[in-house]
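To keep things clear, I will list the structure first and then write my remarks on it.
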Amino acid sequence: MSEKVKVLLVGAAFSADLHADGYARIPDRVEIVGIVDKALDRVHALADKYGFEGYKAYDDYKTAIAEADCDVVDICLPNFLHHPVAMAALNKGRDVISEKPLATKVEDAREMVETAQKLGKHIYYAEDWLGSPALRKARELVDSGAIGELQFVRARECHSGSHSPFAQTIEFCGGGAMVHLGVHPVGFMLALKNNRWKELVALTSGGGESNLVHKTMEGEDWAGALMRFDDGTTAVLEANYVTLGGMEDSIDFYGTKGCLHVDLTFSSAIQGFSIPGFDYTVEKAEVTTGWSKPAVDERYNLGYVAEIEHFVECVAEDKDADVGLRGVDGLETLEVINLIYKSSREGIRITNSKLEN
Ligand SMILES: NC(=O)c1ccc[n+]([C@@H]2O[C@H](COP(=O)([O-])OP(=O)(O)OC[C@H]3O[C@@H](n4cnc5c(N)ncnc54)[C@H](O)[C@@H]3O)[C@@H](O)[C@H]2O)c1
C-alpha cells in the first residue's frame with residue numbers, strides 16, 4: 001500500500017485521544033477519514049486538538065462503517081461495544097484495531113478472532129505495554145542474558161478508580177480491576193511467554209459491598225493472580241483501584257544473575273516542587289502540589305505511540321501484529337482473566353488444558 005493508511009476512529013474520548021496522538025505523530029503515513037462518537041462535540045474537539053482535517057464526523061458507528069472509505073476501524077468505545085463494532089467492520093472488509101479488553105465475553109472475543117480469520121482480515125489488539133520503550137529495553141536485557149535465567153516477574157497496574165461510567169457495571173465492562181487494569185500485566189506476561197502458561201491461582205475482592213473501597217462498583221476493586229509458565233517462570237500479577245497518588249505501572253524481573261525494576265509512570269527525569277500545583281503530573285494523580293515527578297511524554301513511555309505506529313505499518317503491509325498485539329492474544333488474555341475470576345470465585349487452582357505436555 002503506497003498511499004496513506006485510512007483510519008476510521010470510533011470513539012472520541014479518553015482512549016481515542018491516546019490513539020489520535022499516535023496518528024498525529026505520523027501524518028505522512030495516516031489519514032483520519034472519519035471520527036465517530038455519539039457526542040459530536042467530542043469528535044470536533046478531538047480533531048481540533050490534533051489538527052485533523054478533511055475527516056467526516058459521525059454520531060453512529062453503523063452509518064460510519066457503512067459509508068467510510070477506510071482501511072482500518074479503530075475501536076475506542078466502552079468494552080461492551082468492541083464486539084458489535086468489530087463484527088460490523090470485519091464484515092465490511094476492514095481490518096480492526098481494538099482497545100483492551102478484546103470483548104466483555106470470551107465467546108464474543110472468539111467470534112471476532114474467527115471471523116477475522118475466515119475473512120482474511122486482521123484484528124490488532126491494543127496492548128500498549130508492548131510498545132513501551134522501557135519494557136522493550138527490559139526484554140532485550142533479559143534476552144541478552146544480563147540477569148541470567150529469568151525466574152520470577154512481578155507486574156502490576158493500579159490506581160484509584162476508572163473515570164468511565166461504564167466501568168461500574170459488569171454487563172458493560174466484563175469485570176472489575178483485573179479486566180480493566182490487570183489486562184496489561186496479564187497480556188504482557190502472556191506475550192513474554194508466547195501464551196504458554198501452565199497454571200494459575202487467584203484472589204479478588206468480592207465486588208459491591210465486599211470491595212475494599214468501591215462499594216457501588218459491581219466488579220472487584222482488588223485482584224491478584226499467581227501464574228506459572230511451562231518453562232518454570234512464575235509471576236505475581238496485580239490490579240487494584242485502591243491505590244492513591246497516581247497510576248502505578250511497575251514491572252520487576254528477577255533472574256539467576258540479576259534483576260530489573262521498571263517503573264513506567266514515576267520515572268520522569270523531572271522532579272519538582274509546586275505550591276500552586278503542576279498542570280499535570282501522571283495519570284490519575286489526585287493532586288499535583290508539593291513534590292512530584294511530572295511525566296515528560298507519558299504516552300510515549302506507556303507505549304501508545306509505538307503501538308499505533310506498529311499497527312499502521314501492519315495495516316499498510318497487510319500483516320499480523322507482533323505477539324501480544326494480535327486478536328488471538330487479546331482472546332487468550334481475556335480467557336486467562338476469566339479463569340482468574342473462576343479461580344477466585346471457586347477457590348481452585350486452574351491448569352491450562354490447551355497446553356500439550
Ligand atoms: N489501553 C489503555 O491504557 C486504555 C486506557 C483507557 C481506556 N482504554 C479502553 O478504551 C475503551 C474506551 O474507554 P475510554 O476510557 O476512552 O471511555 P470513555 O468513557 O472516556 O469514552 C467512550 C466514548 O464512547 C462514546 N460512546 C459510547 N457509546 C457510543 C455509541 N454507541 N456510539 C458512539 N459513541 C459512543 C462516548 O460518548 C464516549 O465519548 C475501553 O475499552 C477501555 O478499556 C484503554
Side-chain angles (χ1 to χ4, degrees), residues 9 11-27 30 32 35 37 39-53 55 57 74 76-78 99-100 126-129 131-137 156-168 177 180-181 183-184 213-214 217 221 239-251 261-309:
L9 184 58
F14 189 83
S15 61
D17 192 306
L18 303 172
H19 290 212
D21 174 71
Y23 294 124
R25 295 187 196 216
I26 46 173
V30 178
I32 305 296
I35 308 178
D37 200 296
L40 273 175
D41 54 327
R42 291 187 189 157
V43 169
H44 297 300
L46 187 70
D48 290 349
K49 179 172 175 186
Y50 291 102
F52 299 142
E53 287 173 355
Y55 68 93
D74 180 354
C76 295
L77 292 184
E99 253 308 335
K100 56 78 185 172
E127 176 42 70
D128 57 279
W129 277 25
S132 150
L135 281 176
R136 286 178 166 197
K137 178 69 182 176
R156 68 177 194 272
E157 179 164 294
C158 307
H159 59 64
S160 56
S162 173
H163 61 276
S164 176
F166 297 102
Q168 302 299 313
H180 291 292
L181 309 183
V183 74
H184 298 296
V213 173
H214 298 268
M217 180 183 154
D221 65 357
N240 73 57
Y241 280 144
V242 304
T243 301
L244 297 173
M247 185 165 80
E248 291 182 12
D249 274 11
S250 73
I251 306 93
H261 299 293
V262 178
D263 180 347
L264 296 183
T265 46
F266 292 101
S267 49
S268 173
I270 302 176
Q271 178 167 240
F273 177 84
S274 170
I275 292 174
F278 297 101
D279 286 348
Y280 183 86
T281 52
V282 296
E283 184 177 334
K284 303 286 188 300
E286 290 81 9
V287 295
T288 61
T289 49
W291 282 103
S292 53
K293 302 193 87 174
V296 176
D297 188 345
E298 192 176 47
R299 286 147 182 221
Y300 175 76
N301 291 334
L302 286 172
Y304 301 109
V305 174
E307 161 199 283
I308 290 297
E309 192 174 357

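Computed from a prediction, not measured in an experiment: that's the story for all the values here.
The aromatic rings of H184 and W129 lie parallel to each other, with less than 30° between the two planes, well short of the 60° mark.
With sequence neighbours left out, S250 forms a side chain to side chain donor-acceptor pair (under 3.5 Å) with R156. Here F166 pairs with F80, F172 under the ring pair (Phe, Tyr, Trp, His ring centres under 6.0 Å) rule; sequence neighbours left out.
Residues A13 and D37 come closest through the heavy atom pair N-OD2, 4.1 Å. When every heavy atom of L181 is checked against every heavy atom of N240, the shortest pair comes out as CD1-O, 3.4 Å. Pairing each heavy atom of E307 with each of A126, the nearest pair is OE1-C, 3.4 Å. In plain terms, the two heavy atoms of A16 and G11 that are nearest each other are CB-O, 3.1 Å. Pairing each heavy atom of A269 with each of V296, the nearest pair is N-CG2, 4.3 Å. Summarising the geometry of S164 relative to S162, their closest heavy-atom pair is N-OG, 3.0 Å, with the distance given to 0.1 Å.
Within 6.0 Å of CG on D279 lie no more than 12 heavy atoms contributed by other residues, nucleotides or ligands. E53 CD: 12 or fewer foreign heavy atoms inside a 6.0 Å radius. Under a cut-off of 6.0 angstrom, the local environment of OH in Y300 is sparse, with at most 12 non-hydrogen atoms contributed by other residues, nucleotides or ligands.
Side-chain N or O atoms of K100 include one that pairs as donor or acceptor with a backbone N or O of H180 at under 3.5 Å. Side-chain atoms of E248 never come within 3.5 Å of backbone atoms of E157 as a donor-acceptor pair (strictly under, hydrogens ignored). A donor-acceptor pair is defined here as one N or O able to donate and one able to accept, closer than 3.5 Å; such a pair exists between the side chain of S268 and the backbone of P294. Counting only distance, with no hydrogens or angles, the side chain of H214 and the backbone of S160 share a donor-acceptor pair below 3.5 Å.
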May I have the step-by-step check of side-chain contact (heavy atoms from CB on, under 4.5 Å) for H44 and Y55, ending in yes or no?
-> CA-CA 10 Å; H44 297 300; Y55 68 93; 2.9 Å; yes
Run the side-chain contact (heavy atoms from CB on, under 4.5 Å) check on L18 and R299 step by step: do they pass?
-> CA-CA 7 Å; L18 303 172; R299 286 147 182 221; 3.5 Å; yes
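The line from OH of Y50 to CD1 of I32 is 11.5 Å long, rounded to the nearest 0.5 Å. Note that the CZ atom of F14 and the CD atom of E283 stand 4.0 Å from one another [nearest 0.5 Å]. Distance check: F266 CZ to T281 OG1 gives 7.5 Å after rounding to the nearest 0.5 Å. For the atom pair OG1 (T265) and CD (E298), the distance works out to 8.0 Å, reported to the nearest 0.5 Å. S15 contributes atom OG, which lies 4.5 Å from atom CD of E99 (distance to the nearest 0.5 angstrom). The distance from the CG atom of N301 to the CG atom of D128 is 11.5 Å, given to the nearest 0.5 Å.
At a threshold of 4.5 Å between non-hydrogen side-chain atoms, the residues S274 and T288 do not count as touching. Within the 4.5 Å cutoff, side-chain heavy atoms of L40 are placed close to those of V43. Looking at H19 and L46, their side chains never come closer than 4.5 Å, going by heavy atoms from C-beta outward.
Checked for salt-bridge contact, D297 and R25 meet the test: a charged N lies under 4.0 Å from a carboxylate O.
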